[in-house]
Protein chains: 2
Amino acid sequence: MKRGFLSHDHSDKLFEQIYDYLLERIVRGEWKEHEKLPSVRTLALEFNVHRLTVFKAYQLLKQNQKVYVKDKSGYYVQPGSSLPVEARLDPIISAYVQDSHLSEIHQVQATYQFSKALLEPNLLPNLYFSEYVKKVFDLYPKVLGTYSTTQGDLELREALCRYFVQRFRFYLSAEEMLITAGSQEAIDLTARVLIKPRDVVLLERPTYSPAIDVFQRQGATILPVEITENGYDLEQIEKLMQTHKPRLFYLNPTFHNPTGYTVPTEQRKRLVELAAHYHCLLMEDDSYRDMYFGEEPPLPLFSYDTSGVVVYIRSFSKYIAPGLSIASVSCREPIMKLLLRAKSLSDSGTPFLNQKIFLHYFFSERMQQHLEKLRIALSVRKELMEDEMRATDWQWSSPAGGFNLWVKLPATIGMERLLGQCKEKSITFVPGSICDPQRELKSWIRLSYSYMSEQQLREGIRQLIRVYEVEKERSRKW
Amino acid sequence: MKRGFLSHDHSDKLFEQIYDYLLERIVRGEWKEHEKLPSVRTLALEFNVHRLTVFKAYQLLKQNQKVYVKDKSGYYVQPGSSLPVEARLDPIISAYVQDSHLSEIHQVQATYQFSKALLEPNLLPNLYFSEYVKKVFDLYPKVLGTYSTTQGDLELREALCRYFVQRFRFYLSAEEMLITAGSQEAIDLTARVLIKPRDVVLLERPTYSPAIDVFQRQGATILPVEITENGYDLEQIEKLMQTHKPRLFYLNPTFHNPTGYTVPTEQRKRLVELAAHYHCLLMEDDSYRDMYFGEEPPLPLFSYDTSGVVVYIRSFSKYIAPGLSIASVSCREPIMKLLLRAKSLSDSGTPFLNQKIFLHYFFSERMQQHLEKLRIALSVRKELMEDEMRATDWQWSSPAGGFNLWVKLPATIGMERLLGQCKEKSITFVPGSICDPQRELKSWIRLSYSYMSEQQLREGIRQLIRVYEVEKERSRKW
C-alpha cells in the first residue's frame with residue numbers, strides 16, 4: 001500500500017489508494033482465484049472511510065477484470081488476476097527494470113572503462129597504505145574488537161571539524177558531524193529522513209545519477225535546475241523556490257559530476273541566502289574538492305550558511321581510499337538527530353577500523369603530499385584525452401578539476417547504438433540521459449579519465465573515436 | 001528539539017517548536033525554579049529565527065504559567081513547572097521509556113553494562129588480529145584502493161557458500177548471497193524492500209528490539225508470536241498465517257535474543273512448510289549460532305527451505321570481529337534482485353578492506369580454535385552470574401548458548417524506578433518492555449554476561465541484587 005494511505009490527503013484519491021491496496025494483494029496471490037474478498041463494510045471499517053469509497057475501488061477492480069460479483073453476495077478474485085507463484089515477487093522488481101542505472105553500467109566488464117569515475121588503484125600510495133595500517137594496529141590493538149558509536153569515532157570527528165574550521169572557516173562542532181560509509185550512504189540517509197512522498201526536490205541537470213534514483217525512490221517530485229559553465233541561473237532558482245516551495249536542493253557545486261563545472265563564490269553566497277529565505281535545505285555534495293588542476297575552488301556553501309539550511313556531505317573515498325568508504329555529514333542539531341536515529345537502525349555505526357585507519361592516514365603528511373601528485377596525474381590524463389579528441393566534432397568545456405569530461409556529440413548519433421557498439425569493443429561510457437532527471441540529454445556522454453593508465457586511456461579513446469566515426473558514417477547513409 | 005524544526009512547515013509553527021523545546025527542558029529540570037532562562041536574543045541567534053518568534057514562545061509559556069517575567073529583565077522558571085526530582089528520570093532513560101530504543105540505553109555510560117549484548121574486547125585474539133591484518137595487506141596491496149561490488153567480494157561469497165553448504169547442507173550459490181555491513185544493515189535493507197505500510201509482520205515476543213523499530217518504521221502491522229523454552233506454538237502461528245496473511249515473520253530461532261531459547265528441529269521443518277503454504281517469508285536472524293555451550297544447535301531453517309521463503313541473515317560481527325561489521329544475507333533470486341538494488345542506493349557496497357580481512361581471518365585455523373575458547377569463556381561467565389543470582393527470587397531458564405539471561409522479577413517491582421536506581425550505581429540493563437512488540441513484559445529484564453570481565457560481572461551482579469533488594473523492601477512498605 002502506498003505511503004500516506006491514512007493521510008486522507010487530496011492529491012491521491014482515497015478510493016484509488018484502496019484500489020492499489022487490493023490490487024497489489026490480489027496480484028501477490030494473497031487471495032486465491034474465486035476466493036471471496038473482504039466485504040465493503042469490513043474494509044470501510046478497517047480503513048475508516050465511507051463505504052462508497054470502498055465500493056468505488058471495487059467497481060474499478062471489476063472494470064479492470066480483477067474481480068467479479070456473484071449473486072450480490074460480494075466480490076471474488078477473477079481467475080488470472082494473480083501472478084504465477086514463481087513470479088509473484090516480480091511486480092516489485094519490474095518497477096525497477098525499466099530504468100537504466102549507473103550501477104548496471106558498472107557491472108559491464110570492459111577493457112576501457114570511461115564509465116567509472118573512480119581512481120585507478122595504481123594512483124594510490126598502496127605500499128605506504130600497508131605500512132600505515134600496520135602502525136594503526138599497533139596504536140589500537142583492540143580496533144577489530146570495538147564497535148563504533150552510531151555517530152562515529154569522536155577522535156575522527158574532532159579532527160575533521162578542526163580541519164574544516166581551519167580550511168573552510170566552518171562553524172562546526174563534533175556533535176554536528178556524522179561519519180557514514182561513503183557519500184552514497186550519506187545521501188541515502190539524508191534523503192530518507194528529510195524527504196517524504198510528493199516533497200519537491202531540486203536537482204541539477206545533469207546530476208549524479210544515483211541521487212536521482214534515491215529521490216525518486218523517496219517519491220519526491222523532482223524539478224531540474226540547469227547548471228552551466230557559469231553556474232546556475234539564480235533567477236530561475238528563485239522562481240522555482242517561490243513557486244514550488246522545494247524541501248531540498250541536492251547539489252554538487254564543486255567540480256560537478258558529470259560536467260566538471262564549479263559554481264562561483266558570489267552565486268554560492270546568494271544561493272544560501274535564497275535557501276534560507278525560502279526554507280529550502282541545501283544538500284551540498286562535495287566529493288571532488290581536492291582534485292583541482294589550477295586554483296583551489298571556492299569555499300563550500302556551508303561556509304556561508306548562518307541559518308542551518310546546508311547539509312554538507314564530504315566524501316573522502318573517491319581519492320583517499322576507496323576501500324575504506326568514509327564520508328562525513330555536517331549539519332545542525334535538528335537534522336542531526338534525525339540522521340542519528342536513521343543511522344542507528346540502518347547499520348549501528350560505520351566500521352570502527354575504517355574510521356581509525358582513515359583518521360591517521362588522512363592527516364598524515366605523506367597523504368597531503370600525495371594529493372599534489374594525484375592532481376598532476378589526473379590533469380595529465382585529462383589533457384591527454386582532450387588532445388586525442390581535438391580532431392573530432394565533439395564539444396566540451398575543459399574542467400578545472402574532477403574526474404570527468406562532459407561531451408556533446410552531434411544530435412544525429414543514436415546513443416543506444418553507439419553504446420552497444422562500444423560494448424562490443426570492450427569500451428564503456430555513461431550516456432547523458434542517465435544523469436538527467438528528465439532522462440533526456442541524449443547527445444551527451446560522460447567520459448571519466450580517472451580509471452585508466454595513460455596508455456590505456458590513449459588507446460581507449462582512439463578506439464572509441466573509431467567506433468564513433470563508423471556510427472556517424474552509418475547515420476549519414478540512412 | 002522536535003523533528004521538523006527546520007522544516008518551517010505549516011503544521012508545526014516555529015514558535016510552537018521553540019515552546020516545546022523550552023517546556024521540555026523546564027519540565028526536565030534543566031533550569032531550576034526561579035532560575036533565569038536564556039534571553040530572547042540568545043535563543044533567536046541559537047535557532048536562527050526572528051526574535052519575535054522566541055518572544056511568542058515565551059508569551060505562551062507565561063500564559064501557561066511555566067515562566068514569569070521579572071522587572072523586564074527576563075524570563076524565570078515558575079516554581080512547580082518541573083517534575084519532582086524523584087520522578088525526573090535521566091533524560092536519556094526517560095526518552096527510551098517512552099520510545100524504547102536500545103540504541104539510547106547503549107549511550108548510557110556505566111561501569112556495569114549488563115545492557116550490552118556485545119563481546120568484551122579482551123575476549124578477542126587482538127594480537128593475532130593485528131598480525132593477521134598485516135598479512136592481508138601483503139596479500140592484497142591495493143585493498144584500500146579498491147571499491148567493493150554492490151553484492152560483495154566474490155572470493156568471500158564463494159568461501160561462505162562452501163562453508164554453509166558443508167556445514168548446514170545449504171543449497172546455495174554465490175549469486176544468492178549479499179555481504180552487508182553487519183546484521184543491522186541486513187535487517188534494515190530486507191525490511192525496506194519487502195515491507196510496505198500495513199503489511200502484516202510476525203515478530204517473536206520478546207524479540208531483538210531494533211527489529212521492532214525497523215518494522216514499525218516501515219509502517220507494518222505487527223503481530224506477536226510467543227516464544228518459550230520449547231519453541232513456538234505452531235497452531236497459533238498457523239492460525240495467524242491463515243487469518244492475517246502475514247507478509248513476513250522475523251525470527252531468531254537459535255540462542256534467541258533476549259531469551260536464549262532454541263527452536264527444536266521438528267518445529268523448524270514444520271514452520272518452513274507452513275510459511276511456504278501461506279506465502280509468508282521467514283527472515284531468519286542467526287547471530288549467535290557458534291556460541292553454544294553444549295551441543296551444536298539444530299540446522300538453520302534455510303536448510304529445510306525448498307520454496308525460497310527463507311531469507312537467512314548470518315552476522316559474524318558479534319563474536320568474530322565487531323570492528324569489521326560483516327554479515328551475509330542468503331536468499332533466492334527475486335528477493336536478491338530487490339536487495340541489490342536497495343544496497344546500491346544505500347552504500348554502493350560493504351567496504352572491500354573489511355571483507356578481505358574477514359575472509360582470511362574467519363577461515364583461519366586459529367580463528368576456529370579461538371571460537372572454542374570463546375564458548376568456554378562465555379559459559380563460565382554465564383554460570384558465574386547464575387551462581388550469584390541463585391539466592392534471589394528471580395526466575396530464568398539457563399540458556400544453552402548466546403550472550404543473555406532473560407530474567408523474571410516479581411511483579412511488584414517498579415521497573416522504571418529500578419532502572420533509575422541502577423543507573424545511579426552505574427549499572428545498566430535492558431528492561432523487557434523494550435524487547436516486546438507490545439511494550440509489556442514489564443517484569444522481565446535482559447542481562448548480558450558477554451561484555452564484562454569475570455570480576456566485574458561478579459561485582460556488578462552483586463550490586464544489582466543489592467539495589468533490587470532495596471527496591472523490593474520499598475515496594476513492600478508502600
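As the structure is a computational prediction, the values presented were derived from the model and not from experiment. A, B, ... follow the sequence lines: proteins, then strands. Residue 1 opens every chain.
- When side chains are defined from C-beta on, A:R341 does not count as touching B:R217, because their heavy atoms never get closer than 4.5 Å.
- Only the backbone of B:V143 comes within less than 4.5 Å of a heavy atom in chain A; its side chain stays farther off.
- Partner of B:S346 under the side-chain contact (heavy atoms from CB on, under 4.5 Å) criterion, chosen from A:D347, A:L189, A:V214, A:D188: A:D188.
- Most heavy-atom pairs under 4.5 Å with chain A: of the set B:Q355, B:E120, B:K356, B:K245, this distinction falls to B:K245.
- Between B:L353 and A:L353, some side-chain heavy-atom pair lies under the 4.5 Å cut-off.
- Between chain A and the options B:L345, B:L119, B:L124, B:T180, the largest number of non-hydrogen pairs under 4.5 Å is found for B:L345.
- The candidate with the highest count of non-hydrogen atom pairs below 4.5 Å against chain A, out of B:N122, B:T149, B:V136, B:I357, is B:N122.
- Between B:G323 and A:P351, the closest heavy-atom pair is O-CB, 3.5 Å.
- Using a 4.0 Å cut-off between charged side-chain N and carboxylate O, B:D199 and A:R25 make a salt bridge.
- Contacts of B:S317 with chain A are made by both backbone and side-chain atoms, with heavy-atom separations under 4.5 Å.
- In this structure, chain B has no heavy atom under 4.5 Å from any part of A:K135.
- Taking every heavy atom of both residues into account, A:K142 and B:P121 meet most closely at CD-CB, 4.1 Å.
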Begin with the C-alpha distance, continue with both residues' side-chain angles, and end with the deciding distance and a verdict on side-chain contact (heavy atoms from CB on, under 4.5 Å) for A:E46 and B:R198. CA-CA 11 Å; A:E46 189 179 336; B:R198 299 178 70 94; 3.4 Å; yes

